[in-house]
Trainee: 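My questions all concern the structure below.
A note on names: the letters A, B, ... follow the listed sequences, proteins ahead of strands, and every chain is numbered from 1.
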Amino acid sequence: MNKSVCIIPTSTTNQTHKRGLKMNLSFSEEDLKFQQEVRSFIKENYPSDIKEKMDTGIPTTKEDIVTWQKILSEKGWFAINWPEEHGGTGWSVTQKFIFQNELAEANTPNIVPFGVSMCGPVIYTFGNEEQKEKFLPDIRDNNVWWCQGYSEPGSGSDLASLKTKAEKKGDKYIVNGSKTWTTLAQNADWIFCLVRTDSSGVKQQGISFLLIDMKTPGVEVQPIITIDGSHEVNSVFFDNVEVPAENLIGEEGAGWNIAKFLLAHERTGIGGIPHLKREIRRLRDITEELPLNEGFLKDDSLFMDKLNKIEIDLVSAEYTELRTLAAMSAGGHPGPESSILKIGGTDIQQSLSELFVEALGYYAHPFMSESDLLSNEKRIGPDFAATVMPHYLNYRKVSIYGGSNEVQRNVIAKAVLGL
Amino acid sequence: MDFLLSDEQKQLQDLIQQFIQKDYPFDVREKLVKSEDGFSKEFWKTFSTFGLLAMPFPEEDGGYNGGPVDIMVILEAFGTGLIVEPYIPNIVLSGNLISNLGTQDQKDAILPNLFSGDMHLAFAFAEPQSRFDLNDVTTSAEEDGDNFKINGYKSVVMNGPAADKLIVSVRTSGNQLDKSGISLFIVDRDTSGVSLRDYSNIDGSKASELTLENVVLSKDAMLGEEGNAFSSIEHVVNLATLAISAEAIGIMQKMNELTLEYTKTREQFGQALSQFQALQHRMVDCFMVHEQTKSLLLMAATKLNDQAEDAVKSISALKYQVGNAAKLIGEESIQLHGGMGVTEEMSIGHYFKRLTTIRTIFGNSDYHLKKYSSL
Ligand SMILES: Cc1cc2nc3c(=O)[nH]c(=O)nc-3n(C[C@@H](O)[C@H](O)[C@H](O)COP(=O)(O)OP(=O)(O)OC[C@H]3O[C@@H](n4cnc5c(N)ncnc54)[C@H](O)[C@@H]3O)c2cc1C
Ligand SMILES: Cc1cc2nc3c(=O)[nH]c(=O)nc-3n(C[C@H](O)[C@H](O)[C@H](O)COP(=O)(O)OP(=O)(O)OC[C@H]3O[C@@H](n4cnc5c(N)ncnc54)[C@H](O)[C@@H]3O)c2cc1C
């Protein structure tokens with residue numbers, strides 16, 4: 001059989017550094033011990049009912065996700081990137097890398113990023129002491145679900161043109177307007193928003209960063225159904241919503257800079273590389289099982305070439321991410337380089353999702369609704385088939401969201417190439 | 001050399017376009033897709049009155065003597081309106097098999113009803129392991145006195161749910177991949193031992209999984225000669241490949257129009273999206289690829305019409321290119337629509353879904369590249 005390249009060695013090697021090449025691609029004894037610790041923790045604590053859903057492509061519920069994230073919180077392994085004073089792990093870059101890989105290996109639900117990877121870092125970087133005390137523990141402990149209220153119907157790529165208005169009245173802001181594409185707002189307790197507090201100057205200047213409780217009167221969530229038939233995104237409407245002024249993060253008008261800080265954070269990890277490594281192996285396994293004439297799909301050399309090309313792309317993306325992480329741990333910040341990771345990772349996510357469709361041939365076409373998936377009726381075609389086409393369709397989003405790949409190219413042109 | 005359509009063909013095109021404009025707007029199509037049947041039996045009858053259902057059949061069978069070029073014209077127009085009514089499985093595949101191979105009795109029993117829109121047919125040719133190889137047949141028919149006993153499994157039978165009768169490819173002799181030894185049977189839906197599991201596809205069409213368990217059929221049910229069906233199967237599938245390629249080209253034309261229109265009206269950064277050169281070049285690429293693929297379509301339709309020696313090879317060239325063009329135009333159209341492109345609400349995503357399934361149906365680009373190389 002065709003083996004994957006060993007992307008990261010799992011054993012230590014005796015490194016002989018040649019000519020001052022100071023590169024070390026292997027794990028230390030300690031790292032390996034850590035890997036074992038993570039692995040056995042997951043094995044013992046990953047609930048079997050959630051695992052079964054993940055393995056068979058049955059949609060997970062809000063409860064499933066919260067349950068799993070709380071298991072990590074209780075272990076102290078949730079807000080892994082946060083400063084230790086707020087409940088972070090203090091792990092090295094290598095340890096974080098190992099941890100992410102083990103989570104993906106075990107096929108655990110993706111961590112919902114809006115609280116822990118987006119709002120949390122904004123609050124501990126820009127918030128005041130009361131805000132840190134009020135919000136951070138609930139994010140870390142998974143008591144509150146956050147969503148991201150940036151995009152508006154008229155403001156997608158041109159985010160700075162946003163119009164949702166927040167007018168200061170005494171110790172309150174009165175918010176009017178609408179947000180769109182808000183991922184999982186139907187589950188959310190709170191939303192962090194970019195709002196316009198001033199329309200007099202340059203569009204970037206009058207933007208502020210405001211936290212809003214979704215239960216406040218005047219907040220309304222409406223579902224948007226996507227082409228894969230799922231309900232993942234929403235419109236959120238604000239009709240004279242009263243928000244305490246203390247929910248403003250940073251200064252009034254500082255929202256754009258905060259947003260840019262956050263966007264850089266959003267982009268590291270957006271490539272989803274650990275998960276892709278697992279998926280590529282899964283597809284390789286599938287090629288050995290899917291019947292093709294008198295043999296199996298793996299006998300189709302054109303198909304296998306494509307699989308191997310994607311794997312090579314993945315290795316380059318992974319090593320690019322590792323380089324970025326290493327630079328960050330040496331004191332840098334995720335900057336425009338993370339745009340490369342976003343483009344690279346999402347390209348691979350999309351090509352791999354397409355290759356799953358190709359693997360199935362006709363059996364990619366039957367459509368099963370969520371209730372079909374939940375029923376015990378036998379699926380049409382191979383067991384894993386039902387989620388393959390929806391996944392391909394759904395993943396068109398990855399080159400659109402988080403700053404579209406065109407916008408990312410503009411960022412690289414401007415900020416990296418200096419054009 | 002002449003790439004122009006005849007006056008009749010132009011009229012046919014106009015007729016369908018008018019129908020789409022008047023009777024088949026996107027919201028109507030969406031309601032049909034969600035209905036029990038998944039399409040409109042009434043519109044199907046309308047197509048009969050238009051003469052579409054009898055178009056590609058010889059006069060002696062009650063048809064209008066149309067050929068591959070007429071099929072191309074019909075399906076390309078269907079593509080622009082994303083028409084979901086099952087023309088290819090009914091007419092191009094099954095109707096042609098009956099017309100090409102049927103005895104007079106078989107034709108009399110079926111063709112008038114097919115042309116009037118009263119009877120639906122489906123052709124069950126694929127099996128789970130066969131992928132796109134029409135010669136890979138394991139469903140077996142054993143001779144048993146005057147009868148045949150059929151056992152096997154057919155996958156993804158297009159139009160299975162509506163079909164009154166099914167044409168099934170079975171092996172009467174030889175090994176799994178042999179081209180000889182394949183025969184066809186006409187099977188009534190309610191024959192004992194026949195079970196269909198009906199379902200919807202992602203593109204809004206309907207299909208079935210077909211299980212045949214000790215299905216006993218008389219010799220009269222056989223369509224064509226015993227063991228010699230392969231070349232006829234290949235012939236109708238080639239026609240169907242042309243047809244579905246034409247549909248794809250109609251879809252691509254529409255997607256390009258929709259995207260151009262959208263980027264001209266959607267503004268970001270104080271200007272229409274269509275003003276960004278990065279996007280202009282991509283729309284130009286999509287436009288060019290549609291034109292170039294359309295050229296291959298015309299070539300292949302003409303070659304098939306003339307029964308040219310390299311007709312089959314030109315079909316593979318066409319379908320290979322359709323697969324590539326569909327990927328480019330499909331994915332770029334969604335991308336250029338931004339978030340709106342992935343919503344169920346807009347038609348663009350529905351065009352994308354149909355275009356995506358067409359990439360696979362009757363063989364994907366890899367399959368046809370290999371076939372092209374081998375011919
Ligand atoms: C969910 C989401 C995620 C996104 N992710 C990203 C992302 O990862 N990266 C990304 O770049 N974009 C991302 N975007 C898009 C968005 O941030 C912008 O499209 C992009 O940054 C370019 O916008 P711009 O030209 O207005 O901003 P800029 O490039 O910031 O501004 C253009 C000009 O405006 C002026 N200006 C900028 N800031 C200020 C200020 N504070 N005060 C006064 N003048 C100012 C300067 O003259 C500057 O040259 C995302 C959008 C959304 C909705
Ligand atoms: C599934 C999904 C989930 C999302 N989740 C969230 C969320 O939770 N919170 C949130 O705030 N937002 C979210 N978004 C919104 C997302 O960030 C926006 O869709 C994105 O910023 C693009 O904006 P738009 O959809 O309005 O497209 P538009 O800005 O209208 O862009 C349309 C096309 O034009 C291109 N384009 C635009 N400007 C330029 C330019 N200057 N140069 C070249 N090309 C350009 C774009 O790249 C795109 O291809 C989500 C989107 C999706 C699809």
Trainee: Checking the side chain of B:Gln268 only, and the main-chain atoms of A:Gly156 only, is there a donor and an acceptor separated by less than 3.5 Å?
Mentor: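 Such a contact is found between B:Gln268 side chain and A:Gly156 backbone.
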Trainee: What part of B:Phe352 gets closer than 4.5 Å to chain A, counting heavy atoms only: side chain, backbone, both or neither?
Mentor: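 Only the side chain of B:Phe352 comes within 4.5 Å of chain A.
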Trainee: Is it true that A:Glu358 and B:Lys327 make a salt bridge, defined as a side-chain N closer than 4.0 Å to a carboxylate O?
Mentor: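 Not counted as a salt bridge, because no side-chain N and carboxylate O are separated by less than 4.0 Å.
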Trainee: Would you indicate whether A:Glu294, at its atom CD, is surrounded by more than 12 heavy atoms from other residues, nucleotides or ligands within a distance under 6.0 Å?
Mentor: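 Counting neighbours around CD of A:Glu294, more than 12 heavy atoms of other residues, nucleotides or ligands fall under 6.0 Å, so yes.
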Trainee: Is B:Gln271 atom CD crowded by more than 12 heavy atoms from other residues, nucleotides or ligands, each under 6.0 Å away?
Mentor: yes
Trainee: Can you tell if the side chain of B:Ile202 reaches within under 4.5 Å of the side chain of A:Leu393, non-hydrogen atoms only?
Mentor: yes
Trainee: Where does B:Met346 contact chain A at under 4.5 Å (heavy atoms): side chain, backbone, both or neither?
Mentor: neither
Trainee: Let me know if B:Phe362 has heavy atoms under 4.5 Å from chain A in its side chain, its backbone, both or neither.
Mentor: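 Contact with chain A is through both the backbone and side chain of B:Phe362.
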Trainee: Side chain to side chain contact (heavy atoms under 4.5 Å, CB included), that's the test. Do A:His231 and B:Glu344 meet it? Break it down for me.
Mentor: CA-CA 10 Å; A:His231 172 202; B:Glu344 187 75 3; over 6 Å; no
Trainee: Between B:Leu177 and A:Asn293, is there a side-chain heavy-atom distance shorter than 4.5 Å?
Mentor: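 Answer yes - side chains close enough.
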Trainee: With a 4.5 Å heavy-atom cut-off, do B:Met158 and A:His365 have their side chains touching?
Mentor: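 B:Met158 does not reach A:His365 side chain to side chain.
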Trainee: Between A:Thr226 and chain B, with a heavy-atom cut-off of 4.5 Å, which part of the residue counts as in contact: side chain, backbone, both or neither?
Mentor: both
Trainee: Contact part of B:Leu279 toward chain A, heavy-atom cut-off under 4.5 Å: side chain, backbone, both or neither?
Mentor: side chain
Trainee: Do you know which of B:Arg266, B:Glu345, B:Glu267, B:His350 has the most heavy-atom pairs under 4.5 Å to chain A?
Mentor: B:Arg266
Trainee: If you look at every heavy atom in B:Asp366 and A:Phe303, which pair is closest and at what distance?
Mentor: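 Heavy atoms only, the tightest pair is OD2-N, 4.1 Å.
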Trainee: State whether the number of non-hydrogen atoms from other residues, nucleotides or ligands found under 6.0 Å of B:Gln280 atom CD is greater than 12.
Mentor: yes
Trainee: Please flag which part of A:Pro382 lies under 4.5 Å from any non-hydrogen atom of chain B: side chain, backbone, both or neither.
Mentor: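 Answer is neither: A:Pro382 stays 4.5 Å or more from chain B.
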Trainee: Considering all heavy atoms of both residues, which atom of A:Leu302 and which atom of B:Lys370 are nearest to each other, and what is their separation?
Mentor: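 Smallest interatomic distance, heavy atoms only, reads CD1-CE, 3.5 Å.
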Trainee: Going through the checks in order, is the side chain to side chain contact (heavy atoms under 4.5 Å, CB included) test met by B:Met340 and A:Trp181?
Mentor: CA-CA 9 Å; B:Met340 288 310 290; A:Trp181 312 122; 3.7 Å; yes
Trainee: Below 4.5 Å, heavy atoms only, C-beta onward: do B:Lys353 and A:Ile227 meet side chain to side chain?
Mentor: yes
Trainee: Work out which heavy atom in A:Gly361 is nearest to a heavy atom in B:Arg131; give both atom names and the distance.
Mentor: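 Smallest interatomic distance, heavy atoms only, reads N-NH1, 3.9 Å.
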Trainee: Given side chains that start at C-beta, do those of B:Arg359 and A:Val357 come closer than 4.5 Å, heavy atoms only?
Mentor: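 Sidechains of A:Val357 and B:Arg359: no contact.
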Trainee: Under a 4.5 Å heavy-atom cutoff, which of B:Asp133, B:Asp203, B:Asn364, B:Leu273 has the most pairs with chain A?
Mentor: B:Asp133
Trainee: With only heavy atoms counted, which part of A:Tyr392 is less than 4.5 Å from chain B, the side chain, the backbone, both or neither?
Mentor: side chain
Trainee: Of all heavy-atom pairs between B:Phe269 and A:Ser157, which one has the smallest distance, and what is that distance?
Mentor: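 Of all heavy-atom pairs spanning B:Phe269 and A:Ser157, the closest is CZ-O, 3.3 Å.
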Trainee: Which answer fits A:Ile224, side chain, backbone, both or neither, if we ask what part of it has an atom under 4.5 Å from a heavy atom of chain B?
Mentor: side chain
Trainee: Measure B:Ser130 against the heavy atoms of chain A and call it side chain, backbone, both or neither at under 4.5 Å.
Mentor: backbone
Trainee: Please determine if A:Lys378 and B:Glu209 form a salt bridge, counting it only when a charged side-chain N lies under 4.0 Å from a carboxylate O.
Mentor: no
Trainee: Could you report the tightest heavy-atom contact between B:Thr360 and A:Tyr362, atom names first, then the distance?
Mentor: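 That would be CG2-N, 3.8 Å.
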Trainee: Select one option (side chain, backbone, both, neither) describing which atoms of B:Phe276 are under 4.5 Å from chain A's heavy atoms.
Mentor: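 Contact with chain A: none, neither part.
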Trainee: Among B:Ile334, B:Thr356, B:Ile361, which has the most heavy-atom pairs under 4.5 Å with chain A?
Mentor: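 When all of B:Ile334, B:Thr356, B:Ile361 are compared, B:Ile361 has the most.
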Trainee: For the side-chain contact (heavy atoms from CB on, under 4.5 Å) test, which of B:Gln335, B:Glu331, B:His337 pairs with A:Arg396?
Mentor: B:Glu331
Trainee: Using non-hydrogen atoms and a 4.5 Å limit, figure out which bit of A:Leu360 sits close to chain B: side chain, backbone, both or neither.
Mentor: backbone
Trainee: Would you say A:Glu370 has more than 12 foreign heavy atoms packed within less than 6.0 Å of its CD?
Mentor: no
Trainee: Mind checking whether B:Tyr199 and A:Asp372 have side chains closer than 4.5 Å, heavy atoms only?
Mentor: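 B:Tyr199 vs A:Asp372: side chains apart.
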